[in-house]
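Residue numbering restarts at 1 for every chain, and letters A, B, ... go by the order of the sequence lines.
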2 protein chains.
Amino acid sequence: MNTLAYGLLGLVARTPSSGYDLMLQLQPFWQAKHSQIYPLLAKLEQEGYLEFTRIHQTDRPDKKVYSITEKGQIALQVWLSEPAAEPVVRDELVLKTYCLGLADENAAATMFVERIQQCREHLDMYEHYIQEYQADAVDHPHPPDHPDHPAFGEYILLSWGARRMKEDIAWCEWVLELLQKRR
Amino acid sequence: MNTLAYGLLGLVARTPSSGYDLMLQLQPFWQAKHSQIYPLLAKLEQEGYLEFTRIHQTDRPDKKVYSITEKGQIALQVWLSEPAAEPVVRDELVLKTYCLGLADENAAATMFVERIQQCREHLDMYEHYIQEYQADAVDHPHPPDHPDHPAFGEYILLSWGARRMKEDIAWCEWVLELLQKRR
DNA sequence: GTAGACATGTAATCTGTTACATGATTCG
DNA sequence: CGAATCATGTAACAGATTACATGTCTAC
């Protein structure tokens, strides 16, 4: 049982889903390819943490919809009560920034301009989903920023993503300003 | 040649260092164990990107000090001119947050309190190094936030780290406030 | 008709972690 | 005398990516 396995249990516990669906849901918060997810789901099913039903679809290929078992729920509870490991960040830009002095002036600036664009795309996505949740919340007795709202977890994560992107953009812009002093 | 390999080239290009030293320098920005670094350095040396001299020390064990070759410098230049890949983040807290509704109330709050402590420790470290650089900068013709200062890369990275930690702490505190509404 | 989304899988390879292994020196 | 830091390495394993493989349906 690794972190990705628990992550899948968590997603499935909220909403039974297919492997393809889980891959898409997970994407913004934990990068994993389908080639890693499908075998893991099969293993979790064999070991009794998950079960699946094959859903026949006429318009699309059939899919396996996984749902969590009692054993899975217990494992999830235990994992949630343990302290979270420190995050791992692997960002090529960080390593390149370290030796910025060796880079061509234009290349250096381009790096940060490109990162700003990447961040803005992610930011737009996060903000789009935040608006969606806020619109959905009209039907619920609790607003989306209330811990009893079923989408509370997603909501605070989306706001985490948006905050991070804004902060990274601000940093890149600050670096670009400093780089112009060189001229 | 992978990202870590270029990262090592970059560090060595700035200051010839031993594997042990590289491991420590790299730690805050790219997590890699010595068991990954030593074989990589040997490979980079065999392929002519790096060379080393064995330094005899009386007070400590001998060490291999690596420096960059011309071939290494060219490879580094090429890498620096290519666009940086998008960052990969693997944070267990993110996955746990996703299924916050399933967690025990106390466990949920504890998660964020612990993360705040982790972030504060990192923040203290970043700020400590920032102050060191600012103190060192007295001897230099350029202030540390000028792109021609030799430690410019480190300086802006440290400020990136500090910004991120502050932002994460603020987010955790916001979540803790929301969680108290549950009571 | 072809590109893209939906849907699931396996195999080969690369990357990264944990554990095994050794040994000197310093500080409490 | 034991723990921590400095110093370098290998082996086994786990985690993750890329490539291989297949097939349907929809929209342009």
Side-chain angles (χ1 to χ4, degrees), chain A residues 1-9 11-12 16-27 29-47 50-66 79 85-92 94-95 125, chain B residues 1-9 11-12 16-27 29-47 50-66 85-92 94-95:
Chain A
M1 292 294 288
N2 57 30
T3 308
L4 179 57
Y6 287 112
L8 291 171
L9 286 190
L11 289 192
V12 167
S17 321
S18 66
Y20 189 82
D21 215 28
L22 291 167
M23 180 190 65
L24 295 179
Q25 280 178 256
L26 213 53
Q27 211 87 301
F29 305 116
W30 191 281
Q31 292 76 43
K33 317 280 172 181
H34 72 276
S35 54
Q36 200 182 3
I37 290 172
Y38 288 126
L40 232 188
L41 286 172
K43 197 192 136 207
L44 290 171
E45 189 266 331
Q46 271 168 36
E47 291 176 4
L50 295 177
E51 52 194 14
F52 71 88
T53 34
R54 185 175 288 276
I55 302 292
H56 180 69
Q57 298 181 115
T58 48
D59 53 332
R60 292 173 189 178
D62 293 1
K63 61 179 177 182
K64 289 179 170 181
V65 171
Y66 287 88
W79 176 66
E86 292 209 23
V88 173
V89 177
R90 286 187 211 282
D91 189 346
E92 219 180 349
V94 166
L95 294 184
M125 184 204 63
Chain B
M1 293 294 289
N2 57 30
T3 308
L4 178 58
Y6 286 111
L8 290 171
L9 285 190
L11 289 192
V12 167
S17 321
S18 66
Y20 189 82
D21 216 27
L22 290 167
M23 178 190 64
L24 295 179
Q25 280 178 256
L26 212 54
Q27 211 87 300
F29 305 116
W30 191 281
Q31 291 77 43
K33 317 280 172 180
H34 72 277
S35 55
Q36 199 181 2
I37 290 173
Y38 288 126
L40 232 189
L41 286 172
K43 197 191 136 208
L44 290 171
E45 189 266 332
Q46 271 167 36
E47 290 174 7
L50 295 177
E51 53 193 14
F52 71 88
T53 34
R54 184 175 288 276
I55 303 292
H56 181 69
Q57 298 181 116
T58 48
D59 53 333
R60 292 174 188 178
D62 294 1
K63 61 180 176 183
K64 288 180 172 183
V65 171
Y66 287 88
E86 294 209 25
V88 173
V89 177
R90 286 188 210 284
D91 189 347
E92 219 180 348
V94 166
L95 294 185

Here the distance between atom P of D:dA16 and atom CD of B:Gln31, to the nearest Å, is 14 Å

Nearest-Å distance, CH2 (A:Trp30) to P (D:dT17)? 10 Å

Protein-nucleotide distance (B:Lys33, atom NZ; C:dA19, atom C1'), rounded to Å: 12 Å

For the pair made of CG in B:Asn2 and P in D:dT18, what is the distance, rounded to whole Å? 12 Å

Go nucleotide by nucleotide along DNA chain D from the 5' end; which of A:Leu4 and A:Thr58 gets its closest nucleotide reached first? A:Leu4

Partner residues of B:Tyr38 under the ring pair (Phe, Tyr, Trp, His ring centres under 6.0 Å) criterion, sequence neighbours left out: B:His34

Can you see if the side chain of A:Arg90 gets near the phosphate of D:dA16 - specifically, an N or O under 4.0 Å from OP1 or OP2? no

Sorted by chain and residue number, the side chain to side chain donor-acceptor pair (under 3.5 Å) partners of B:Glu86 (sequence neighbours excluded) come out as A:His122

Please list, chain by chain and in numerical order, all residues satisfying side chain to side chain donor-acceptor pair (under 3.5 Å) with A:Trp79, sequence neighbours excluded. B:Glu92

Between C1' on D:dA14 and NZ on A:Lys43, what's the gap in Å once rounded to a whole number? 10 Å

Side-chain donor-acceptor contacts of residues 50-58 of chain A below 3.5 Å, not counting sequence neighbours, with atom names and distances?
{"from": "A:His56", "atom 1": "ND1", "to": "A:Asp62", "atom 2": "OD1", "distance (Å)": "2.9"}
{"from": "A:His56", "atom 1": "ND1", "to": "A:Asp62", "atom 2": "OD2", "distance (Å)": "3.3"}
{"from": "A:Gln57", "atom 1": "NE2", "to": "A:Pro61", "atom 2": "O", "distance (Å)": "2.7"}

Between the side chain of A:Arg90 and the main-chain N/O of B:Gln31, is any donor-acceptor distance below 3.5 Å? yes

If you compare all heavy atoms of B:Tyr66 against all heavy atoms of B:Val12, which two are closest, and at what distance to 0.1 Å? O-CG1, 3.5 Å

Protein-proximity profile, nucleotides 2-11 of chain D, B/S/- by nucleotide at the 4.0 Å heavy-atom cutoff, equals ---SBBBBBB

A:Leu40 CG - D:dA16 P separation (whole Å): 9 Å

What integer distance in Å separates B:Ile37:CD1 from C:dG16:C1'? 11 Å

Those residues that, when tested against A:Met125, pass side-chain contact (heavy atoms from CB on, under 4.5 Å) (two or more places apart): A:Pro28, A:Tyr129

Estimate the overall bend of the helix from C:dG1-D:dC28 to C:dG28-D:dC1 from the end axes over five pairs each, rounded to 10 degrees. 40°

According to side-chain contact (heavy atoms from CB on, under 4.5 Å), who are the partners of B:Ser17, at least two apart in sequence or on a separate chain? B:Thr15, B:Asp21, B:Leu22, B:Gln25

Nearest whole Å is fine: how far is C:dT15 C1' from B:Met1 CE? 15 Å

With A:Pro39 via side-chain contact (heavy atoms from CB on, under 4.5 Å) - residues at least two apart: none

